[in-house]
Amino acid sequence: MSEKYNEIPMAGNIIEPGNSKKYLTGGWRAQRPIHNPAECLWIKNGACGRCWIFCPDMAIRLVEKDGVRSYEFDYDYCKGCGICSNECPTSSITMEGE
Amino acid sequence: MEKAAVSIKDMLKKDQILSAGHRMCAGCAAPTIVKLMGMALRGPTIVCENTGCLEVATTIYPYTAWEIPWIHVAFENAAAVASGVVEAMDVMREKGRSEDEHVDVIAIGGDGSSFDIGFGAISGMLERGHDIVYMVYDNGAYQNTGIQRSGATLPGQETTTSWAGKVEPGKRQRKKPLAEIVAAHKIPYVATVDPYHYRDFIKKFRKALEVEGPAFIHAFSPCPRGWRSQTGKSIELSKLAVETGIHPLFEVIDGEEWIMSSPSKNLKELKPLDEYWATQGQFRHLKDPKWDDFKKQIRDQVSHDWELLRKRCGLE
């Protein structure tokens with residue numbers, strides 16, 4: 001937040017929905033999730049996705065483009081809670097110290 | 001009208017209603033619950049919220065994590081505000097100031113604002129019959145203000161206003177059966193859900209949106225900070241709560257027809273409560289043999305409630 005007093009919207013309104021994306025919570029993390037694609041069901045056949053469903057910080061990106069699936073953590077927002085690693089049915093996600 | 005997204009392929013296509021960068025604690029299940037709620041939405045939606053963790057941590061000025069219209073007024077009145085929103089939308093449509101044919105209104109409250117403080121407002125909303133879905137995310141105490149005991153706190157749970165020590169084993173009273181109380185208002189739809197059984201969650205939420213008139217959803221939301229549990233275990237704990245009978249999954253239609261949902265129905269027998277207590281620091285004191293009698297009381301009460309529920313659902 002670096003706006004001056006006369007640049008802030010009237011009455012302190014927040015005009016842009018979902019602007020919390022500008023606030024990075026990755027610094028909270030003590031443990032970092034590491035993904036191993038060998039056994040991952042998403043990479044193999046585009047199923048499962050439990051890590052994405054349960055991630056409370058929307059910090060997992062599952063992308064499918066032209067039949068090629070990729071998997072990525074968004075370390076800007078991941079708080080390192082370890083839910084993805086705990087819920088993974090094939091233990092493809094391990095937690096490592098930062 | 002958009003379909004509810006139940007498979008991962010559909011879920012990935014659906015717009016998320018809560019963005020990243022919110023400041024809920026690591027491992028909190030409430031953002032997951034909101035995410036699952038978003039998967040069930042069918043069109044334009046307005047969310048009204050009570051004060052609580054979710055309200056405070058998702059909207060710290062100058063940021064908001066909500067991607068859909070959202071309003072907060074005071075601690076207790078999300079249900080009343082939602083009633084106002086429904087009426088206001090009707091008037092705006094009459095005057096030609098809104099083009100949306102139908103707008104879904106959802107009210108969200110934590111357990112403190114729903115079980116205790118805002119209970120009157122909810123009851124009023126149910127009686128007036130406004131077309132609203134009220135969802136409570138139940139984390140078992142006023143976690144936001146420093147883990148004070150609420151009506152949803154489980155017996156034996158230690159909080160900062162029900163300390164465990166030489167004389168007391170934490171909270172002694174039972175948990176308020178809110179879903180059953182709400183069902184007694186004879187409203188069209190009441191359901192209990194948990195984030196682990198996410199397909200069940202989304203289907204029930206969609207049903208709640210589709211019925212005419214008020215609907216109520218009771219979601220179980222583990223809180224690693226207040227429960228002294230591991231952050232990664234939150235979703236697993238909600239599964240364990242279903243398996244131990246602490247949070248059985250059921251639906252009530254028109255206050256009369258009780259249906260047990262399959263995750264609960266498929267249980268041959270309940271898991272021992274000790275398994276649930278062992279996962280959380282807030283029940284640590286119960287290991288002391290001097291609380292054995294108290295523990296037996298809780299076990300008896302949970303199994304009694306379970307039997308009663310099975311009977312109501314016509315399973316015996």
Side-chain angles (χ1 to χ4, degrees), chain A residues 1-3 7-9 11-31 33 41-42 45-64 69 73-88 93-95, chain B residues 5-13 15-36 38-39 54 57-70 195-199 201-202 221-222 224-225 229-239:
Chain A
M1 177 87 177
S2 54
E3 288 95 336
E7 291 165 358
I8 297 170
N13 286 333
I14 305 170
I15 304 171
E16 191 191 339
N19 67 348
S20 68
K21 284 192 207 83
K22 290 179 197 158
Y23 186 88
L24 307 184
T25 50
W28 299 19
R29 192 172 59 243
Q31 281 186 310
L41 294 174
W42 165 254
N45 48 20
C48 185
R50 290 170 71 86
C51 45
W52 184 89
I53 293 165
F54 293 132
C55 177
D57 296 309
M58 309 7 147
I60 293 172
R61 282 203 220 106
L62 304 182
V63 185
E64 185 166 10
R69 284 178 289 272
F73 287 109
D74 193 337
Y75 290 115
D76 280 349
Y77 302 111
C78 172
K79 292 172 189 157
C81 63
I83 286 181
C84 50
S85 154
N86 197 53
E87 295 304 324
C88 181
I93 303 168
T94 46
M95 301 300 288
Chain B
V6 184
S7 69
I8 181 73
K9 289 250 160 75
D10 294 339
M11 281 185 183
L12 287 168
K13 279 179 206 147
D15 291 332
Q16 302 226 14
I17 58 170
L18 197 71
S19 73
H22 62 75
R23 280 175 255 183
M24 303 293 281
C25 304
C28 178
T32 308
I33 286 172
V34 174
K35 189 195 238 177
L36 294 176
M39 298 302 158
L54 188 64
T58 53
T59 56
I60 296 173
Y61 189 77
Y63 302 108
T64 177
W66 291 86
E67 307 264 10
I68 55 175
W70 179 93
Y196 181 84
H197 301 100
Y198 62 91
R199 288 199 181 92
F201 185 121
I202 296 165
S221 168
R225 177 68 191 85
S229 59
Q230 281 179 33
T231 52
K233 298 269 180 194
S234 294
I235 305 295
E236 198 183 315
L237 277 179
S238 66
K239 177 187 171 210

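Chain letters run A, B, ... following the sequence lines, proteins first, then strands; residues in each count from 1. Small disclaimer: the values here were computed from a predicted structure and weren't measured.
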* Most contacts with chain A, counted as non-hydrogen pairs under 4.5 angstrom, among B:Ala20, B:Pro31, B:Ala26, B:Pro69 -> B:Ala20
* To do: Pick one of side chain, backbone, both or neither for A:Glu64, based on which atoms fall under 4.5 Å of a heavy atom in chain B.
  => side chain
* Which answer fits A:Leu62, side chain, backbone, both or neither, if we ask what part of it has an atom under 4.5 Å from a heavy atom of chain B? -> both
* Taking the six-membered ring for Trp, are A:Phe54 and B:Tyr196 parallel (under 30°), tilted (30 to 60°) or perpendicular (over 60°)? -> parallel
* **B:Glu236 versus chain A, the contacting section by heavy-atom distance below 4.5 Å** => both
* To do: Can you tell which part of B:Lys9 gets under 4.5 Å to a heavy atom of chain A, answering side chain, backbone, both or neither?
  => side chain
* Portion of A:Tyr23 that has a non-hydrogen atom of chain B nearer than 4.5 angstrom -> both
* Asked: Checking A:Asn86 side chain against B:Ser234 main chain: does a donor-acceptor pair fall under 3.5 Å?
  -> no
* Structure fact -> When the 4.5 angstrom heavy-atom criterion is applied to A:Thr25 and chain B, the contacting part is side chain
* Asked: A:Arg50 versus chain B, heavy atoms under 4.5 Å apart: side chain, backbone, both or neither?
  -> side chain
* Per-residue contact mode, A:Trp52 against chain B (heavy atom under 4.5 angstrom) -> both
* Structure fact -> dist A:Met58:CE -> B:Thr32:OG1 (nearest 0.5 Å) comes out at 7.5 Å
* Leading residue by heavy atom contact count with chain B [cutoff under 4.5 Å; candidates A:Cys55, A:Gly26, A:Gly80, A:Ala47] -> A:Cys55
* Asked: Heavy-atom distance under 4.5 Å to chain A: side chain of B:Ile68, backbone, both or neither?
  -> neither
* Measure the shortest side-chain to side-chain distance between A:Asp57 and B:His22 over non-hydrogen atoms and say whether it is less than 4.5 angstrom. => yes
* To do: Give the member of A:Gly12, A:Ala59, A:Pro9 that has the highest number of heavy-atom pairs under 4.5 Å with chain B.
  => A:Gly12
* Carefully, step by step, assess B:Thr231 and A:Ile83 under the rule side chain to side chain contact (heavy atoms under 4.5 Å, CB included). => CA-CA 7 Å; B:Thr231 52; A:Ile83 286 181; over 6 Å; no
* Carboxylate-amine/guanidinium proximity below 4.0 Å for B:Lys239 and A:Glu87 -> no
